[in-house]
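As structure tokens, the structure follows; a few thoughts come after it.
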Amino acid sequence: MQSLRGCYLGNPSRGEAQSNTAGYRDEGKRQIISTMETQVSNGPSGTSLPNGPVISTNGSTDDSKTNLIVNYLPQNMTQEEFKSLFGSIGEIESCKLVRDKITGQSLGYGFVNYVDPNDADKAINTLNGLKLQTKTIKVSYARPSSASIRDANLYVSGLPKTMSQKDMEQLFSQYGRIITSRILVDQVTAGISRGVGFIRFDKRNEAEEAIKGLNGQKPLGAAEPITVKFANNPSQKTGQALLTQLYQTAARRYTGPLHHQTQRFRLDNLLNASYGVKRFSPITIDSMTSLAGVNLTGPTGAGWCIFVYNLSPEADESVLWQLFGPFGAVTNVKVIRDFTTNKCKGFGFVTMTNYDEAAMAIASLNGYRLGDRVLQVSFKTSKQHKA
DNA sequence: TCCCATT
């Protein structure tokens, strides 16, 4: 096991941008320190079989003894690394690193379903608590998936600074089963509570009851009332948040030595555009997008046609809208699909009205990593001119 | 005034 950990931690293939991808959410001086978790008995229930999937009476497979959820994965861990780490325990039936549907960024958690329940147990015993980068991963049995366990996370503010995580749990536990809790602490003052925290209940209705019962209430002896509300849902990002994320990812690609003047141009233009500080001429854009020798289809009434390559078979129009929309006026998107399978053939087209916005989108999204794919984005070239 | 827990 030690060799496994060493192997993963020292894996040179992940050297790329480690310092930058440690997690932009951890930026700034404040950070979570209090990571103590309530280890709830997420554990499987029902009849135990020595091997293989358990088949319940209704015919569906019961994976409660084989399926694990893994939390607090480092932001930069890939699906392959995830599989490799958990595959070292035993044969995996399936596994999935959960990623943002639009940006492909890891959401920091994933699922591993083993063939053998014994391996699931072994994975919990050997990998739970493993430190990877700045994270301490949590490995536990996954609860059966259902709508009732979603959006059960609460954001609590106005907590007395003296209130500990345990105190907070005690306060909330009357409303239901707590899955996780944490109190945010200020790092610069060596872990003083910031008076805000999170409580995740097993069920959304438990969280609702806790809001009813505790929002606006003063905890025993506290001077101020606390605020209890549903936490922001990280998977439902606003357009602005998506933009910010895109810029941060784009900026990451330019943080190396800037021997190329063109890279500096691109980043500057990117940042200026995001705040509407200035417009720039097509000449500047042309000089930075290395389009030498290529004919563009031009603004033939409809606008500027952009070729997007290396989309996944599952890609749909909404992905293109959401990727390109933040950069300006998009009039049309199209995913090219296979006639029989109806799956995306790996490319699509986007039409944008304004040249500078199209060029900005290309400069930002070309080379952008969408999940495990790297997009190629360029102005559509005229076929007639080829060869 | 916000940590990546449900595929």
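Letters A, B, ... are given to chains in the order of the sequence lines, protein chains preceding strands, and every chain is numbered from 1.
Here Ser145(A) reaches the OP1 or OP2 of dT7(B): one of its side-chain N or O atoms lies under 4.0 Å away. At dC2(B), none of the side-chain N or O atoms of Lys229(A) fall inside 4.0 Å of OP1 or OP2 (strictly under the cut-off).
At a threshold of 4.0 angstrom between heavy atoms, the contacts of Phe111(A) include nucleobase atoms, whether or not backbone atoms are also involved.
For Lys96(A) and dT6(B), the NZ to C1' distance is 10 Å, given to the nearest whole Å. Between the CZ atom of Arg150(A) and the C1' atom of dT6(B) there is a distance of 8 Å, given to the nearest Å. For the pair Ile199(A) CD1 and dA5(B) C1', the interatomic distance rounds to 14 Å; values are reported in whole Å. When rounded to the nearest whole Å, the span between OH of Tyr141(A) and P of dT7(B) equals 21 Å. Nucleotide dA5(B) holds its P atom 5 Å from the OH atom of Tyr72(A), rounded to whole Å. In this entry the distance linking CZ of Arg200(A) with C1' of dC3(B) reads 9 Å, nearest Å. When the P atom of dA5(B) is taken as reference, atom CG of Leu97(A) falls 13 Å away, rounded to whole Å. Protein atom NZ of Lys135(A) is 13 Å distant from nucleotide atom C1' of dA5(B), rounded to whole Å.
Classified by interplanar angle (parallel below 30°, tilted 30° to 60°, perpendicular above 60°), the ring pair Phe347(A)/Phe349(A) is perpendicular. Taking the six-membered ring where tryptophan is involved, the planes of Trp304(A) and Tyr355(A) are perpendicular, since the angle between them exceeds 60° and thus also 30°.
In this structure, of dT6(B), dT7(B), dC2(B), it is dT6(B) that holds the atom nearest to the side chain of Arg143(A). Of the candidate nucleotides dC2(B), dC4(B), dT7(B), dC4(B) has the atom nearest to the side chain of Arg182(A). The listed nucleotides are dA5(B), dC2(B), dC4(B); the one nearest the side chain of Ile69(A) is dA5(B). Of the candidates dA5(B), dC4(B), dC2(B), the closest approach to any side-chain atom of Ser140(A) belongs to dA5(B). Proximity note for Asn71(A) (side chain, C-beta onward) versus dC3(B), dA5(B), dT1(B): the nearest is dA5(B).
A salt bridge links Glu209(A) with Lys212(A): the distance from a Lys NZ or Arg NE/NH1/NH2 to an Asp or Glu carboxylate oxygen falls below 4.0 Å.
Counting heavy-atom neighbours within 6.0 Å of Glu317(A) CD, excluding the residue itself, gives a total above 12.
Ser148(A) is not listed as a side-chain neighbour of Arg204(A), based on a closest heavy-atom distance of 4.5 Å or more.
At a cut-off of 3.5 angstrom, counting only N and O atoms as typed in the model, there is a donor on one side and an acceptor on the other between the side-chain of Asn153(A) and the base of dC3(B).
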